[in-house]
Amino acid sequence: MGSKILKDIEEKWNKKWYEEHAFETEHDERKKYFLNFPYPYMNGYLHLGHLYTLMKLEIMARYKKMRDYNVLFPFSFHCTGTPIIAAAERIKEGEEKEWNIMRMMGIPDEEIKKFSDPVYWTQYFPKEAKKDLMSLGCSIDFRHSFITTNLNPRYSKFVKWQFRKLKELGYVTKGEHPVVWCPNCKSPVGDHARLKGEGVRPEKMFLIKFNVEGRVLPCATYRPETTFGVTNIWINPNVEYAIAKVDGEEWIVSKSSVEKLKDQKHKVDVIGRILGSELINKKCSNKLRSDVPILPAEFVDPEVGTGVVMSVPAHAPYDYIALKDLGVDIKPISLIKVDGFGEFPAIEIVERMKINNQKDSEKLEQATKEIYKKEFHTGVLKDITGKYKEMKVSEAKELIANDFRNEDLLVDFWELPEEVICRCLTRTHVKIVDDQWFLKYSDPNWKKRAHEALARMSLYPEVVRKQFDYVIDWLNDWACTREFGLGTPLPWDKKWIIESLSDSTIYMSMYTIWHILKNVPEELIDDDLFDYVFLGKGDKKKLVERGIDERTLDKMRNEFDYWYPFDLRNSGKDLIQNHLAFCLFNHVAIFPEDKWPRAFGLNGHIMVNGEKMSKSKGNFKTIRDMVKEFGVSPLRLSIALSGEGIDDANFDTELTKSLTMRIENLLRFLTSKHETSSEWKVQDEWFEAKIDNTVADVESAMESMMFKTAASKCFFDLQNDLKFYSKWRGTPNDRVLRKYIDVQTKLLYPFIPHVSSEVMEKLSLDGNWPSAKRVEVPKYKKYVETVMNDLKSVKKLAKGEHAKIFVAEDWKFDVIGKDFAEAKSIIEKHVEKSMIGKMLKMYKNGSDLAKSEQMKVLKDSKDFIEKETGLSVEILDADEGDDEKARASTPKKPGILLW
RNA sequence: GCGGGGGUGGCCGAGCCUGGUCAAAGGUGCAAGGUUGAGGGCCUUGUCGCUUAGUGCGUUCGAGGGUUCAAAUCCCUUCCCCCGCACCA
């Protein structure tokens, strides 16, 4: 839909801008402003979420341009990582769900087939995204666009350069890392490749060893400290267990845990099997507990942990209730003191929640969670724990685990808290990948520098700073390589692909030179070139000798030096704890301080009519659909009005629709001829001040990225002011009207540049931001409104066609500003005793306008008042009138007589 | 649990830092009137309650308490909601 008038204008200007290369720029004498967007992932069309974040930058770019900055706004497309490759795979397999996603995007089946090749995604979607961006008239210099992955060797070389640098600095190290692993596919299983268990992560457990007849029973637990309170061991009597040589010892474990142990760096050989029932009633022991009976329990799941569980009835509701069901008389052993509970918290909660038996698993889960939480965070260990007594559970846990590990009592074990099923229908488990590469974000020195960088940055909004500092401290080593996915191979260990957040941390520097680099022969691009261009290091002569044109080299170096660092990077708030934090870390590692980022902008998520946008709700909106539905200008303006700051924004479709007409009307007003007057009245004084203030308000809002405030002030408020002014003034003053048109057009330019450009062209306005002047707005409007309201309410209650308005007597104005006693004595001279109280109130209220101003305002507004109220009006000085209503006048409000 | 952000009139949302000009901007919704062939749009008015030939009163900004001449705004307590807690874009 949208509007034809606006559409024509939008198309006209889009065409003009891109044909004339209006947004292509290189360094010059002006101050520069370089802003960028975290490149969007190219597994679909750009959508409302992108648009919201994007508009922050687009508005800023347009604004800075008006303020005579040299503005660089590049845009690229992200293709590394697993989602594209996984989706391509699913298309290839003909998976219904994936095909439907593509169909919903409006892609015909013939075309969808082509998406079984991941490379096709990297060609198709960037191209389409660019179309969308251009339809919106974004002021992007597309000469700086690239796609990521090794399909783009120049980019890949850059990433390799970056990683070699990081390695030299000692920031890339090798280590272990748990992953969700499919034993059938023999690969890690990301969320996208799961039938069940999306979002489930490996959790660290512990195996506590007990000995039975020369064999080890490893009990899986999250709480090693509870070993002190073990009363028995649970074994499922109906399950066949494996006897296996594990790292030289004979262990009894469930069969499924054999594979887990193998994948978690243990040497495991199965040498026999044993029924659970054969173990029942035997006794086992370890250093801490002896003569511990093995008891049967059907709740023990052989798929979880090792299928061997230790029982701590004092603190584990399951264990207590199982013992109770079994009817065995075993005394629980208490080891944790916790507020609000007595000696045996598990027993208390079971009774309190009225849990009758093991089958009440829902309540048992809940009880277990509550007890665990409470004991972990507020519990204190009792004397029975020996040297750990009086310690908090939360502090002692790791310490105990370490000690137990050293005493050969405990072995680490990773487990999935819920079942995760691979797409191939296989149940997965945790594997320890042991030659994984990490970025050492845990390095204290590195963290310190990241904090320093943050401290000198601007953040929009400022409230995210605390969170950022917290994130920098919280970040741990990041597994930066993958075995699977699109991306750049790790230069020194080619079996690994660099993970897709790790290859995207300093690429904004590439923007500054991409338009040049893309024409440099690929074979000439190497680390030396990047060292020279980005760091000014190395020998330029050698590079030139090798065949790179010297001018090209200088140009790249100059462009980078001019544009970098970036002045603003804006993103959704979800990138704080990963991408943006990484960006900071990597910048401080590689670049000198004067190239560290200047500002981050963060925005919330955007909702549609108060609901989260989602494909399943059917309110998923792509940019192209929205452009079609609402038109470019209403869409742009509505997005700007939808929100600011870190809170979630709301895109209101009703508002957007109503904007179409409002923009059209405004356009018509701005470009039509108006009858004007050269006379200067109070109305003109008021409106001019109002315009000046609006410019000042909007400007300060723009500077701090408060675009909703800015848009609402310059679109709604300023037009409302004009509306009132027109009614009030009748024929507008020539100069003031021209000023309004000029300001209105320009302030709206960042939001609806097509419309503004059209007006500017028609009226030959310059394209500069108006100068802001903060002035005091005279209170004329408020005064007139007061008088009008009074007239109207009086008219409602009394009949009459004529009104006399009495501006208060001189002495009433005299009272204002005097001290209390003096005021009182003046009043006493003029009124009866009974009225003194009332008059003193008037003294307290004061007045915004002097008497002469009031007279002038009323005289200049006479036509307006008569028209609005339908009364014929006389304006009088109360000093010259003798009506009782003249006496009722105050400096705040004149007296009114209707007749 | 830790960290961050919030709770304002039918809804969205400004105000809170720097207390008074706040019954609280603006938008949207709703209602009435005008314009219009109808609808839409646009324009006007109303939209906490009471009262009234006007400038008045009461109750309201999650809840409770406090500071103050004065609190949506400051302090304390409490309840509730949202987001993040990673190896993933």
Side-chain angles (χ1 to χ4, degrees), chain A residues 38-43 78 80-84 177-180 188 190-192 199 201-202 372-374 376-378 394 436 438-439 441 461 463-471 473-482 485 499-502 504 573-579 581 604-605 607 609-610 641-650 652-655 657-662 664-665 706 708-709 712-713 715-717 720 723 727 779 782 786-787 789-800 838 841-842 845-846 848 868 885 888-890 892-898:
Chain A
Y39 43 37
Y41 200 69
M42 285 293 107
N43 59 346
H78 193 195
T80 62
T82 53
I84 286 179
H177 173 59
V179 297
V180 178
D191 270 345
H192 56 274
R201 316 271 172 226
Y372 276 28
K373 223 179 189 179
K374 191 111 196 188
F376 180 75
H377 292 291
T378 67
S394 55
Q436 173 66 256
F438 288 89
L439 284 168
Y441 293 137
V463 287
V464 299
R465 189 176 295 280
K466 274 188 204 165
Q467 207 173 330
F468 250 116
D469 271 315
Y470 178 80
V471 163
D473 287 328
W474 157 86
L475 263 179
N476 211 332
D477 295 347
W478 180 266
C480 63
T481 52
R482 294 287 173 278
E499 176 271 335
S500 77
L501 287 179
S502 302
S504 310
K573 61 183 171 187
D574 47 327
L575 296 192
I576 295 177
Q577 55 260 57
N578 41 61
H579 170 73
H605 301 131
M607 311 202 287
N609 298 327
L641 287 166
S642 66
E644 64 194 2
I646 199 73
D647 296 330
D648 287 348
N650 185 39
D652 186 333
T653 52
E654 287 306 312
L655 167 67
K657 282 183 210 155
S658 79
L659 287 176
T660 307
M661 282 313 277
R662 295 185 74 141
E664 254 188 42
N665 290 340
M706 302 298 272
K708 177 181 176 169
T709 301
S712 137
K713 275 191 194 295
F715 189 75
F716 293 118
D717 295 355
N720 285 344
K723 236 184 263 175
K727 259 194 343 193
K779 302 271 170 49
K782 199 177 160 193
T786 308
V787 174
N789 284 338
D790 289 348
L791 277 170
K792 281 180 189 169
S793 48
V794 174
K795 198 188 169 192
K796 250 190 243 169
L797 299 161
K799 291 226 157 51
K838 209 172 172 188
K841 193 167 187 184
M842 156 192 104
N845 282 340
D848 291 326
E868 290 290 315
K885 292 295 173 190
S889 64
T890 73
K892 198 98 180 165
K893 297 195 172 193
I896 289 166
L897 173 66
L898 211 71

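Chain letters run A, B, ... following the sequence lines, proteins first and then strands; every chain starts at 1.
- Of the two residues near RNA chain B, A:Asn720 and A:Lys708, the one whose nearest nucleotide lies more 5' is A:Lys708.
- In terms of position along RNA chain B, the nucleotide closest to A:Glu654 lies nearer the 5' end than the nucleotide closest to the other residue of the pair A:Glu499 and A:Glu654.
- Judged as a salt bridge (charged side-chain N to carboxylate O under 4.0 Å, His left out), and not counting sequence neighbours, the contacts of A:Lys657 are A:Glu654.
- Looking at residues two or more places apart in sequence or on another chain, you find no side-chain hydrogen bond (donor to acceptor under 3.5 Å, both in side chains) involving A:Ser658.
- In this entry B:C50 has B:G56 as its Watson-Crick or G-U wobble partner, both defining distances falling under 3.5 Å.
- Shown here are the salt bridge (charged side-chain N to carboxylate O under 4.0 Å, His left out) partners of A:Asp652, two or more places apart in sequence or in another chain: there are none.
- Residues meeting the side-chain hydrogen bond (donor to acceptor under 3.5 Å, both in side chains) test with A:Thr709, sequence neighbours left out: A:Glu644.
- Taking A:Ser502 as the reference, A:Trp478, A:Glu499 meet the side-chain hydrogen bond (donor to acceptor under 3.5 Å, both in side chains) condition, with sequence neighbours excluded.
- Judged by Watson-Crick or G-U wobble contacts below 3.5 Å, the nucleotide B:G39 has no partner.
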* Structure fact -> 5' to 3', nucleotides 35-44 of chain B under a 4.0 Å protein heavy-atom cut-off (B base, S sugar-phosphate only, - none) gives ------SSSS
Taking only nitrogen or oxygen atoms into account, show me every contact under 3.5 Å that the protein makes with nucleotides 81-86 of chain B, one pair per line with its distance.
residue	atom	partner	partner atom	Å
B:G84	O3'	A:Gln577	NE2	3.4
B:G84	O2'	A:Gln577	NE2	2.1
B:A86	N6	A:Asn476	N	3.4
B:A86	N1	A:Asn476	N	3.2

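- Not counting sequence neighbours, the partners of A:Arg465 by the salt bridge (charged side-chain N to carboxylate O under 4.0 Å, His left out) test are A:Glu462.
- Residues passing the salt bridge (charged side-chain N to carboxylate O under 4.0 Å, His left out) test with A:Lys573, sequence neighbours excluded: A:Asp648.
- Nearest to the side-chain atoms of A:Leu501 among the listed nucleotides B:C12, B:G5, B:C88 stands B:C88.
- Remark: C1' of B:G13 and CG of A:Leu641 are 12 Å apart, rounded to the nearest angstrom.
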